[in-house]
A.B. asks: 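This is the structure I want to talk about, given as structure tokens.
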Amino acid sequence: MKKRNFINLNVNPCKCCMPMGSSIALKGIESTMVLFHGSQGCSTYIRRHMARHYNEPIDIASSSLNEKETIHGGAANLKKGIKNTFRYYQPKLIGISTTCLAETIGEDVQQIIAEFKEEESHLQDIDLVPISTPGYGGTHYEGFYFALRKVLEKLAVDDTPNKSVNIIAGNLTPADIRRIKEVLGLFQINFTILPDVSKTLDGPFEREYQKLSSEGTKIEDIRRMAGAAATIEMGMLVPEHISPGKYLEERFGIPLHRCSLPIGLENTDAFIKLIQCFSGVQIPENLKEERGRMLDGMIDSHKYNGEGRAAIFGEPDMVYAVSKLCIENGIRPLLIATGTRTTKLKDLLSRDLERMTEPCNIIDDTDLETVQEYVKKLAINILIGTSDGKYITEKEGVPLVRIGFPIHDRVGAQRKLYCGYEGSMQLLDEITNTLLGQKYDHYRQHMYDKYYG
């Protein structure tokens, strides 16, 4: 039998598709509905993925392309989908994300929207935002930021100067966004955070189902982002061509300041100092106390973390921030992996990695089968990443600390706090306790095998 070459085959991908990321971003905007121009299976897959992670009902519309539309074009389906979406949901904004099928057959969504506006004069007030997100065009990380950029290109039109600060948030948990908003409030700063999933993807119990959330970033606030005093973008690795902050800088001259996700001591310090710079307010005492408690906790756990040999995987900015947290606390990240293509990760971490006595392997555009090979080769004893790493745990027995998107085999992912001093300490405690649990659960057997086996 002839051997087949599977060198380019991804096994257990370390990523999701672009439409997934665009859906998460759009769910953080008030009264917004997501409409996929593509086959019905795409919307079903993403609804299921998001509902399992956030434990909230997720509605995503579809133009439901099939074999006929694949040959003759899906303009009629998309127009009908827009009308039906408006009829059933009454949204203020519809984000129209393309899928692999629509992109492959070359659908001109911009032109279809223009035709729709001419034909349906009574629907002129609704904002329709086309977003090119073929699944093969990138990962959910890129889809997330690209959707935000397209929303700004469409809506950010009021460049009247104001004293507000734009905060472009990363793909964080609702609990993280709530904490970031609390910190901004402590500094008495006017801000617009985009996207704001703090309530849209972690809402309180209601007896009657609400088709659309009135929470999230307000559309009028998005329009005024064009006149803000500055933009802070939480993403050190976001490519410029999909960067929302870069668009605002180039189009309206708004100064762009990039920072990491505020996870870890150094990253949180940098974020706090940036906010303080814009506000002119002294750092509040309760934040100083939180920082002090984190330092105390780092001292408590450092002696245990020295035994950590970690493999960290997920979205680029998440693995960057978590890697810095680990290095700060003596955990050696011997493998740092992401499914997104990026050339900057190694450069950003070069100074931090100089402290390590063993080399760190940094790989991008990879899958978790490759991660598993490194786990065996490097004697990794802790995994830090998404639920997709559970298969490595099953096969290799290495415990997994879950962070990022998606988390499917545990509840409460939407309530996990990772940002700020408090969230960073909670994450560090979980990592430390996982290492301790692994050590003491197998300590006697390990010693017996080592000296008497």
Side-chain angles (χ1 to χ4, degrees), residues 163-170 172-193 196-199 202 230 232-236 257-306 308 310 317-318 320-331 333 352 355 384 401-404 412-436:
K163 296 180 180 181
S164 181
V165 175
N166 301 325
I167 309 291
I168 307 297
L172 297 167
T173 72
D176 284 330
I177 299 296
R178 286 194 289 269
R179 182 56 182 148
I180 288 168
K181 289 167 68 175
E182 289 172 2
V183 171
L184 292 167
L186 290 174
F187 284 95
Q188 305 167 34
I189 192 170
N190 294 321
F191 65 92
T192 298
I193 189 165
D196 182 359
V197 299
S198 59
K199 293 182 180 179
D202 186 25
I232 297 174
E233 186 168 272
M234 295 181 188
M236 300 293 288
H257 304 267
R258 283 203 172 98
C259 68
S260 172
L261 302 179
I263 298 175
L265 187 68
E266 184 179 334
N267 287 338
T268 303
D269 282 349
F271 177 70
I272 296 296
K273 288 177 182 177
L274 197 53
I275 297 300
Q276 183 190 21
C277 177
F278 290 118
S279 69
V281 175
Q282 291 299 310
I283 297 176
E285 286 301 316
N286 60 339
L287 280 182
K288 292 180 180 179
E289 290 177 4
E290 280 187 19
R291 188 179 190 276
R293 282 193 293 272
M294 183 178 177
L295 282 171
D296 187 64
M298 290 168 66
I299 295 168
D300 295 339
S301 61
H302 191 272
K303 54 184 174 289
Y304 306 116
N305 288 330
D317 282 300
M318 183 64 73
Y320 170 66
V322 172
S323 297
K324 286 181 71 67
L325 171 71
C326 286
I327 295 168
E328 288 172 345
N329 291 274
I331 300 166
D352 301 279
R355 312 176 197 173
I384 307 173
V401 173
R402 290 160 177 80
I403 185 173
Q414 73 276 29
R415 293 184 292 273
K416 296 287 281 187
L417 179 64
Y418 304 110
C419 283
Y421 301 118
E422 184 180 354
S424 299
M425 196 63 247
Q426 290 178 14
L427 175 58
L428 181 60
D429 283 344
E430 186 176 357
I431 294 171
T432 306
N433 287 331
T434 301
L435 288 168
L436 285 170

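In this chain, residues are counted from 1 in sequence order.
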A.B. asks: Could you report the tightest heavy-atom contact between C259 and I232, atom names first, then the distance?
C.D. replies: SG-CG2, 3.8 Å
A.B. asks: Which atoms form the tightest heavy-atom contact between S424 and P262, and what is the distance?
C.D. replies: OG-O, 4.1 Å
A.B. asks: Would you say the side chain of I263 lies within less than 4.5 Å of the side chain of T268, judging by non-hydrogen atoms?
C.D. replies: no
A.B. asks: Between the main-chain N or O of N166 and the side-chain N or O of T192, is there a donor-acceptor pair closer than 3.5 Å?
C.D. replies: no
A.B. asks: Taking all atoms of both residues into account, what is the closest heavy-atom pair of A321 and L261, and its distance?
C.D. replies: CB-O, 3.9 Å
A.B. asks: May I ask you to test the I275-F191 pair for a side-chain heavy-atom distance under 4.5 Å?
C.D. replies: no
A.B. asks: Might you point out which heavy atoms bring C326 and I384 nearest each other, and give the distance in Å?
C.D. replies: SG-CD1, 3.7 Å
A.B. asks: Is any side-chain heavy atom of I403 less than 4.5 Å from a side-chain heavy atom of M318?
C.D. replies: yes
A.B. asks: Among I168, D317, I167, which residue meets the side-chain contact (heavy atoms from CB on, under 4.5 Å) test with M234?
C.D. replies: I167
A.B. asks: Would you say E328's side chain and L265's backbone share a donor-acceptor pair under 3.5 angstrom?
C.D. replies: yes
A.B. asks: First locate atom NE2 of H302, then atom CD1 of I331, and finally report the distance between them rounded to the nearest 0.5 Å.
C.D. replies: 9.0 Å
A.B. asks: Going by heavy atoms in the side chains, are E430 and Q426 under 4.5 Å from each other?
C.D. replies: no
A.B. asks: If you round to the nearest 0.5 Å, how far is CG of N433 from CG of L436?
C.D. replies: 6.0 Å
A.B. asks: Can you measure from CZ (R258) to CE (M236) and round to the nearest 0.5 angstrom?
C.D. replies: 8.5 Å
A.B. asks: Sequence neighbours excluded, which residues qualify as side chain to side chain donor-acceptor pair (under 3.5 Å) partners of S279?
C.D. replies: none
A.B. asks: Q282 versus Q276: any side-chain heavy-atom pair under 4.5 Å?
C.D. replies: yes
A.B. asks: Just wondering, do D269 and R291 contact through their side chains at under 4.5 Å, heavy atoms?
C.D. replies: yes
A.B. asks: What distance separates T432 OG1 from M298 CE, expressed to the nearest 0.5 Å?
C.D. replies: 10.5 Å
A.B. asks: After noting the C-alpha distance and the side-chain angles of E266 and D352, does the key distance pass the side-chain contact (heavy atoms from CB on, under 4.5 Å) rule?
C.D. replies: CA-CA 11 Å; E266 184 179 334; D352 301 279; 4.2 Å; yes
A.B. asks: What are the two closest heavy atoms between P174 and Q414, and how far apart are they?
C.D. replies: CD-O, 3.3 Å
A.B. asks: Scan the side chains in residues 181-189 for donor-acceptor partners under 3.5 Å anywhere in the protein, sequence neighbours excluded, and list what turns up.
C.D. replies:
{"residue": "K181", "atom": "NZ", "partner": "D196", "partner atom": "OD2", "Å": "2.8"}
{"residue": "K181", "atom": "NZ", "partner": "S198", "partner atom": "OG", "Å": "3.4"}
{"residue": "E182", "atom": "OE1", "partner": "R179", "partner atom": "NH1", "Å": "2.9"}

A.B. asks: Once you round to the nearest 0.5 Å, how far does OG1 of T173 lie from CZ of R178?
C.D. replies: 7.5 Å
A.B. asks: Show the numbers, then the answer: is there a side-chain contact (heavy atoms from CB on, under 4.5 Å) between L428 and N305?
C.D. replies: CA-CA 9 Å; L428 181 60; N305 288 330; 3.6 Å; yes
A.B. asks: Show the numbers, then the answer: is there a side-chain contact (heavy atoms from CB on, under 4.5 Å) between Y418 and L427?
C.D. replies: CA-CA 6 Å; Y418 304 110; L427 175 58; 4.1 Å; yes
A.B. asks: Taking all non-hydrogen atoms of both residues, which atom of L325 and which atom of G264 are closest, and how far apart?
C.D. replies: CD1-CA, 3.7 Å
A.B. asks: What's the verdict on side-chain contact (heavy atoms from CB on, under 4.5 Å) for Y421 and I272, showing C-alpha distance, side-chain angles and the deciding distance?
C.D. replies: CA-CA 10 Å; Y421 301 118; I272 296 296; 4.0 Å; yes
A.B. asks: Between CG of L435 and OG of S301, what distance do you get to the nearest 0.5 Å?
C.D. replies: 10.0 Å
